[in-house]
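When a residue number appears, it is its place in the shown sequence, counting from 1. Here the structure is a predicted model, which is why all the values come from computation and not from measurement. Computed over heavy atoms, backbone and side chain alike; hydrogens, waters and symmetry mates excluded.
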Amino acid sequence: MEVYFDRETRKILRYIKRHPSKTLKELQEKFGDAADSMTMINLCISDYLVCTHPDGTMTAFKSMQEWKTYAEDKFWVSPKGKKLLEDRFDRLWQWCIPTLISIAALIVSIMSAH
């Protein structure tokens, strides 16, 4: 199963990376419908997040017959989720820096022509 990463989903991952062990209730208060139970379960099944129950046991959504999350379940970003965020950041800088250099060169060349 693969997850579609829209802007809100990436925001949720970045937030959990910066603030680990947030509960489902806290995430839903912050992100509203974007952090619904099914989105969180899909992120866990796809190995982007890790979920634990309040007693500290891991949630194994892949082997469960019934997928449920509870308000006090806590979430952490998995290594796969961290890699996704880092790769996206790296791709941003791969085109951002050359673009800025090109814009600066264009401005200098326009100013020197006048």
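- Within the 3.5 Å criterion, the main-chain N or O of Ala35 finds no donor-acceptor partner in the side chain of Thr39.
- One distance of note links CG of Asn42 with CG of Asp36; it measures 8.5 Å at 0.5 Å rounding.
- Judged purely by atom type and a 3.5 angstrom limit, Ser78 uses its side chain to pair as donor or acceptor with the backbone of Tyr48.
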Exercise for review: Could you walk me through whether Thr69 and Gln28 pass side chain to side chain contact (heavy atoms under 4.5 Å, CB included), step by step?
Suggested key: CA-CA 12 Å; Thr69 54; Gln28 287 176 335; 5.9 Å; no
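- Proximity of a side-chain donor or acceptor of Lys80 to a complementary backbone N or O of Ser46 within less than 3.5 Å is detected.
- Heavy-atom neighbours of Asp6 CG from other residues, nucleotides or ligands within 6.0 Å: above the threshold of 12.
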Practice item. For side chain to side chain contact (heavy atoms under 4.5 Å, CB included), just list the numbers for Thr9 and Phe31, CA-CA rounded to whole Å, side-chain angles, deciding distance to a tenth of an Å, and then say yes or no. Key: CA-CA 10 Å; Thr9 307; Phe31 294 102; over 6 Å; no
Review point. Are Val77 and Leu49 close enough, and set up right, to give a side chain to side chain contact (heavy atoms under 4.5 Å, CB included), and what steps lead you there?
Key: CA-CA 5 Å; Val77 175; Leu49 289 179; 4.0 Å; yes
Check your understanding: Please walk me through it: do Lys83 and Glu86 pass salt bridge (charged side-chain N to carboxylate O under 4.0 Å, His left out)?
Key -> CA-CA 5 Å; Lys83 181 166 176 18; Glu86 290 167 2; over 6 Å; no
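- Ring geometry for His53 versus Tyr70: interplanar angle of 30 to 60°, hence tilted.
- For the residue pair Pro54 and Glu72, the shortest heavy atom distance occurs at CG-CB, 3.5 Å.
- Taken from OH in Tyr15 to NZ in Lys30, the straight-line distance is 5.5 Å, to the nearest 0.5 Å.
- Phe5 and Trp76 fall into different hydrophobic clusters, where Ile, Leu, Val, Met, Phe, Trp and Tyr side chains are chained together by heavy-atom contacts under 4.5 Å.
- Taken from CE in Met38 to CD1 in Ile45, the straight-line distance is 5.5 Å, to the nearest 0.5 Å.
- The shortest non-hydrogen separation linking Leu85 to Arg10 is CD2-O, 4.3 Å.
- Scanning all heavy atoms of the two residues, the minimum distance from Cys51 to Asp73 falls at SG-CB, 3.7 Å.
- You'll find the side chain of Met40 reaches within 4.5 Å of the side chain of Ile12, heavy atoms only.
- Hydrophobic clustering of Ile, Leu, Val, Met, Phe, Trp and Tyr side chains at less than 4.5 Å, counting indirect connections, unites Ile16 with Leu24.
- A continuous path of ILVMFWY side-chain contacts below 4.5 Å connects Ile103 to Met111, so both sit in one hydrophobic cluster.
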